[in-house]
Amino acid sequence: MIAFFDKYTENAGKLQETMRCMGEDAKIAVLSGEGFLPSGILSPYDFFSYGSRQEGFAEKDLFYNFIPLPEFWEVRLTGGTGGIFDMGCEKAKIYFREPAEKRNVQRVEWHMEDGWVYKIDYYNKYALKYASEFLDTERNVESRVYYSEKNQEMVVEQPVNHMISLLDRGMVRKLFDSRAEFIAGYLEEAGLGEEECVLFVQEEKTFEDLSLTSEAGKMWTKVLFSDPGLLNQYAGMGGTNGFRFYEIPEQYRENHGRGEAMILTASDRVEQIEYLISVLPEMRFHIAAHTQVSDKLRKLEESGNVRVYPQISRQDLDMLWDTCDFYLDINHYYEIYDAVNAAHTRNQIILGFDNTVHHRELLADEGIFAEAEQEKMALTIRELMANPARVQELLGAQQKKKREIWQDLWMRRENGHGI
């Protein structure tokens, strides 16, 4: 299987890790030209620019003083950036990779005297200029060129009409009318035509860029989404092969059933919360929202075992993910922060009511209670806090849920069915 990403993000590593956990292998390819991809990540642009020669390249940094320049031009540091000058006039600004204090070049923006940036040169992990963007006066990219290690033009992309040309010694050897055609051409020339092709969508613009709802979209056996909103949008456009990506970590964090529970909510309707707070004084409840909260939630803190987090910060949210062993999926209305999936990945015990659960497919059957079974939920929580073996039993059943989702996906693949 080869999975294509519109750009390289942590989702690529998560997909590879999930595949390894399932005993499967996945190649990762990135559809945007990026100069600092990790080793082993495929790129159609690198393939057409360097071919197999890339295997012999050594990774090295490009210190700003070594940018190739015309004779008598000079480079100066100008605060946190650099500048290229001719006869005292600045011709370009140099931007550095992080950490910027090392002064290693990431890109050079060439500009006119009026400030118009007309070209941006990008450098890669081999200290080569690998691409240039040519911009209009509104800073829209009119064309994008990718170079060989000898600075020869190899790929020319015109984003406005999605046309991509392959060049050989300055002559067009192949022309693609769309990015989908370009990808198909890459698979053929790279000898990957027999691979199952999966697309991982991370941005809405990918729908148009790859013409997913047209005939071209049939090249993808599966289209994966980490964002359920994008998945719903794709289904609404007629996409029938969309699938929610659920990460399976290589190793789950330890969970000892400590009496710390978190709830993420977008409203003050939290099912049976007053009852649970009153009968479980030994449990500390952390209720967080991404907005301001009502007095109804604020008053819960009077019980002494509740803390409310209005407009929760990223730091506090990360702290709760690390310290809480229970996630109570008991809030009504929509879910925030992909809470249930995040709780599952962090190996929290997830419990909810029939009328509140947001992702039933991720909860163990014994973690779901009827609307009127608040007493049973409280008893279950108390039993789990007192019985470490029971905690591991429930977590095992919960972890099995994601494996079953992926196993179902493979079965559909092997039987030739879509999602």
Side-chain angles (χ1 to χ4, degrees), residues 6-8 30-37 43-46 48-50 60-172 175-176 178-179 182 203 205 208-209:
D6 42 22
K7 61 182 178 181
Y8 187 80
V30 176
L31 296 175
S32 58
E34 299 182 34
F36 296 91
L37 292 174
S43 163
Y45 298 99
D46 285 354
F48 287 121
S49 293
Y50 305 133
K60 57 183 178 180
D61 294 317
L62 177 62
F63 192 60
Y64 76 103
N65 266 340
F66 295 100
I67 296 175
L69 295 175
E71 193 174 5
F72 304 120
W73 287 35
E74 62 176 331
V75 177
R76 304 176 192 168
L77 286 178
T78 55
T81 61
I84 297 175
F85 292 82
D86 175 33
M87 301 294 287
C89 296
E90 187 180 76
K91 299 295 183 180
K93 287 189 180 297
I94 304 169
Y95 293 88
F96 304 124
R97 291 179 57 211
E98 292 296 335
E101 57 268 20
K102 289 191 174 182
R103 304 291 190 258
N104 294 318
V105 180
Q106 192 269 334
R107 72 184 189 278
V108 177
E109 296 190 356
W110 298 87
H111 60 78
M112 304 297 287
E113 291 183 6
D114 62 1
W116 166 36
V117 176
Y118 63 90
K119 185 176 75 159
I120 304 176
D121 292 333
Y122 294 92
Y123 291 81
N124 63 16
K125 62 184 180 181
Y126 307 118
L128 298 170
K129 184 178 77 172
Y130 75 95
S132 295
E133 290 181 339
F134 296 86
L135 292 76
D136 63 19
T137 55
E138 300 298 321
R139 208 177 170 91
N140 299 309
V141 177
E142 292 184 328
S143 64
R144 191 175 290 114
V145 178
Y146 295 87
Y147 304 101
S148 71
E149 71 275 21
K150 297 180 179 178
N151 206 37
Q152 299 168 322
E153 295 186 356
M154 304 300 291
V155 183
V156 177
E157 188 174 20
Q158 296 171 292
V160 174
N161 57 20
H162 305 295
M163 293 186 66
I164 301 176
S165 305
L166 302 183
L167 306 183
D168 184 10
R169 299 180 180 86
M171 304 293 291
V172 176
L175 182 65
F176 302 103
S178 68
R179 293 192 74 200
F182 173 66
E203 297 182 347
K205 68 182 185 68
E208 180 181 355
D209 286 350

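Residue numbers run from 1 in the order of the sequence given.
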Pairs meeting criterion ring pair (Phe, Tyr, Trp, His ring centres under 6.0 Å) with involvement of residues 135-157, two or more places apart: Tyr45-Tyr146
Hey, does the side chain of Arg179 reach the backbone of Leu31 with a donor-acceptor pair shorter than 3.5 angstrom? yes
Taking it one step at a time, do Glu133 and Tyr122 satisfy side-chain contact (heavy atoms from CB on, under 4.5 Å)? CA-CA 8 Å; Glu133 290 181 339; Tyr122 294 92; 3.0 Å; yes
Is Phe85 close to Glu74 at the side-chain level, that is, under 4.5 Å between some pair of heavy atoms? yes
Residue pair Asn104, Tyr64: steps toward the side-chain contact (heavy atoms from CB on, under 4.5 Å) verdict: CA-CA 6 Å; Asn104 294 318; Tyr64 76 103; over 6 Å; no
Which pair of heavy atoms, one from Asp61 and one from Arg97, lies closest together, and at what distance? OD1-NH1, 3.1 Å
Of all the heavy-atom pairs spanning Lys7 and Val30, show the shortest one and how long it is. CA-CG1, 3.8 Å
Pairwise side-chain contact, Glu149 with Tyr126, heavy-atom cut-off 4.5 Å (strictly under): no
Enclosure of Glu208 CD (heavy-atom neighbours >12, cutoff 6.0 Å): no
With a 3.5 Å distance limit and no angle check, can you tell me whether Lys125 reaches the backbone of Leu37 through a side-chain donor-acceptor pair? yes
With sequence neighbours left out, the residues meeting side-chain contact (heavy atoms from CB on, under 4.5 Å) with Leu69 are Ile67, Trp73, Val75, Ile84, Trp110
Might you point out which heavy atoms bring Leu135 and Trp116 nearest each other, and give the distance in Å? O-CZ2, 3.4 Å
To the nearest 0.5 angstrom, please state how far the CD atom of Glu153 sits from the CG atom of Asp168. 12.5 Å
With rounding to the nearest 0.5 Å, note down the distance linking CE in Met154 to OG in Ser165. 12.5 Å
Atom CG of Asp209 and atom NE2 of His162: how far apart are they, to the nearest 0.5 Å? 6.0 Å
Taking the side chain as everything from C-beta on, heavy atoms only, tell me whether Gln152 gets closer than 4.5 Å to Arg169. no
Taken to the nearest 0.5 Å, the spacing of Glu109 CD from Lys119 NZ works out to 12.5 Å
Parallel, tilted or perpendicular for Phe48 and Phe182, by the 30°/60° rule? tilted
Pairwise distance CG(Asn65) to CZ(Arg103) - rounded to 0.5 angstrom: 11.0 Å
Once ring pair (Phe, Tyr, Trp, His ring centres under 6.0 Å) is applied, do any residues pair with Tyr50, and if so which ones, sequence neighbours excluded? Phe57
Residue that, paired with Val155, satisfies side-chain contact (heavy atoms from CB on, under 4.5 Å) out of Leu167, Asp46, Ile164: Ile164
Would you confirm whether Glu203, through its side chain, and Asp6, through its main-chain N or O, come within 3.5 Å as a donor-acceptor pair? no
How about Tyr123 and Phe66: are their ring centroids closer than 6.0 Å? no
Nearest heavy-atom approach of Ser143 to Pro159 is CA-CD, 4.1 Å
Closest heavy-atom pair and its distance - Gln106, Phe36: CG-CE1, 4.4 Å
Verify, without hydrogens or angle tests, whether Arg139 (side chain) and Asp136 (backbone) share a donor-acceptor contact under 3.5 angstrom. no
Rounded to the nearest 0.5 Å, how far apart are NZ of Lys150 and CG of Leu128? 12.5 Å
